[in-house]
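Presented below is the structure to which this report refers.
Keep in mind it's a predicted model, so treat the numbers as computed, not measured.
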Amino acid sequence: MAIRIILAGATGWVGRALAPAIAAAPDLELVAGIARSHAGADLGIAQGGAASGVPVFASVAEALDVPADVLIDYTKPGVVKANARAALEARLAVVIGTSGLGAEDYAELDEVARTKGVGLLAAGNFSITATLLKRFTLEAAKYVADVELIDYASPGKIDAPSGTGRELAETLAGIRQPATSRPVSEVVGVAATRGGAFGEGAREVRVHALRLPSFVLGVEAIFGAPDERLTLRHDAGSSAAPYVAGTLLAARRVQGWVGVKRGLDTLLD
């Protein structure tokens with residue numbers, strides 16, 4: 001039986017790439033889309049194509065009247081948590097590609113998911129190269145103590161850092177070695193220029209978020225050791241295509257556990 005999917009953010013940038021990919025997959029079925037501005041329409045027509053037979057709803061609550069197994073969310077930071085909670089409460093597994101949530105948010109969602117006996121997979125980035133950036137950065141952190149992150153995005157991006165940068169920073173803060181740099185509390189001048197912090201004390205990770213024209217999304221991990229440096233960087237282009245395969249892999253696998261997992265890398269081994 002095909003996995004029945006509700007797609008939130010169905011007429012957005014990633015949603016427009018995901019919908020036809022789901023329709024083309026023999027083991028997946030798109031049963032509903034969510035897009036407030038196109039509520040009541042056919043999703044195919046709402047995306048500028050032929051009728052698909054997939055209804056569009058204004059909210060997750062309304063879409064849950066359609067029998068489904070998995071919610072995929074590519075919406076906005078202000079609504080994704082409520083969307084995920086509603087789906088989990090209805091015992092749907094959830095895949096989150098929307099940025100804006102942090103460790104405390106996912107701890108709350110994990111409690112709901114475990115209570116309802118369903119799984120949730122959230123990734124700051126579902127592309128393979130972003131996933132490899134995370135993996136290589138965590139590996140490098142075993143051997144090089146000092147590391148900071150630069151988070152690049154377009155000037156209109158509402159959250160900082162990006163989901164990619166935030167996920168990496170929170171994970172890195174849990175495993176890195178103590179930094180050798182001077183504590184920010186001892187910095188003279190404008191301490192805020194040392195970036196935002198994830199974690200605590202000497203193991204905190206500093207993130208510097210740049211928001212400039214010509215960037216779509218990028219994250220750079222810079223390691224420093226005496227007389228040498230290592231730079232690891234992921235840059236995204238303007239297409240949503242890199243996120244499709246990883247998102248569909250998550251949709252296929254997310255019913256296989258209970259509780260929250262973070263990062264596409266958790267599915268790759």
As a quick check of understanding, evaluate side-chain hydrogen bond (donor to acceptor under 3.5 Å, both in side chains) for T131 and N125, giving each step before the final call. CA-CA 7 Å; T131 302; N125 196 313; over 6 Å; no
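Residues R233 and L133 have side chains not in contact (no heavy-atom distance under 4.5 Å, counting atoms from C-beta outward). In this structure the side chain of I128 never reaches within 4.5 angstrom of the side chain of P242, judged on heavy atoms. Contact check for L172 versus F198: no side-chain heavy atoms found under the 4.5 Å cut-off. Taking 4.5 Å as the limit, every side-chain heavy atom of Q47 sits out of range of all side-chain heavy atoms of H38. Residues Y74 and T247 have side chains in contact (heavy-atom distance under 4.5 Å, counting atoms from C-beta outward). Considering only heavy atoms from C-beta on, Y106 comes within 4.5 Å of L101 through its side chain. For the pair I6/L64, a side-chain contact is recorded, criterion being any heavy-atom separation below 4.5 Å from C-beta on. The shortest distance between side-chain heavy atoms of H234 and T129 falls below 4.5 Å.
Transitive grouping of hydrophobic side chains (ILVMFWY, heavy atoms separated by less than 4.5 Å) brings V95 and V244 into a common cluster. Linking ILVMFWY residues whenever their side-chain heavy atoms come closer than 4.5 Å, directly or via other members, leaves I45 and L43 in distinct clusters. Linking Ile, Leu, Val, Met, Phe, Trp and Tyr residues whenever their side-chain heavy atoms come within less than 4.5 Å places L267 and I72 in a single cluster.
For the pair E167 (side chain) and G124 (backbone), a donor-acceptor distance under 3.5 Å is present. With hydrogens and angles disregarded, a donor-acceptor distance shorter than 3.5 Å links the side chain of D146 to the backbone of T180. Judged purely by atom type and a 3.5 angstrom limit, R203 uses its side chain to pair as donor or acceptor with the backbone of R176. Side-chain atoms of D110 come within 3.5 Å of backbone atoms of V260 as a donor-acceptor pair (strictly under, hydrogens ignored). Between the side chain of R229 and the backbone N or O of F223, no donor-acceptor pair lies under 3.5 Å. Checking side-chain atoms of Q255 against main-chain N and O of G119 turns up no donor-acceptor pair under 3.5 Å. The closest donor-acceptor contact from the side chain of D42 to the backbone of S52 lies under 3.5 Å.
Heavy atoms from other residues, nucleotides or ligands lying under 6.0 Å from CD of E111 number 12 at most. Around the CZ atom of R36, the shell of radius 6.0 Å holds no more than 12 heavy atoms that belong to other residues, nucleotides or ligands. Residue-environment remark: NZ (K76) stays at or below the threshold of 12 foreign heavy atoms within 6.0 Å. Residue E200 qualifies as open at atom CD: its count of foreign heavy atoms under 6.0 Å is 12 or below.
Distance check: I150 CD1 to L210 CG gives 6.5 Å after rounding to the nearest 0.5 Å. Between the CD1 atom in I3 and the CD atom in E29 there is a gap of 11.0 Å [rounded to 0.5 Å].
The shortest non-hydrogen separation linking I96 to A84 is CD1-CB, 3.9 Å.
In terms of the salt bridge (Lys or Arg N to Asp or Glu O under 4.0 Å) criterion, D65 has no residue partners (sequence neighbours excluded).
Salt-bridge check for E170 with R166: passed, with a basic side-chain N closer than 4.0 Å to an acidic carboxylate O.
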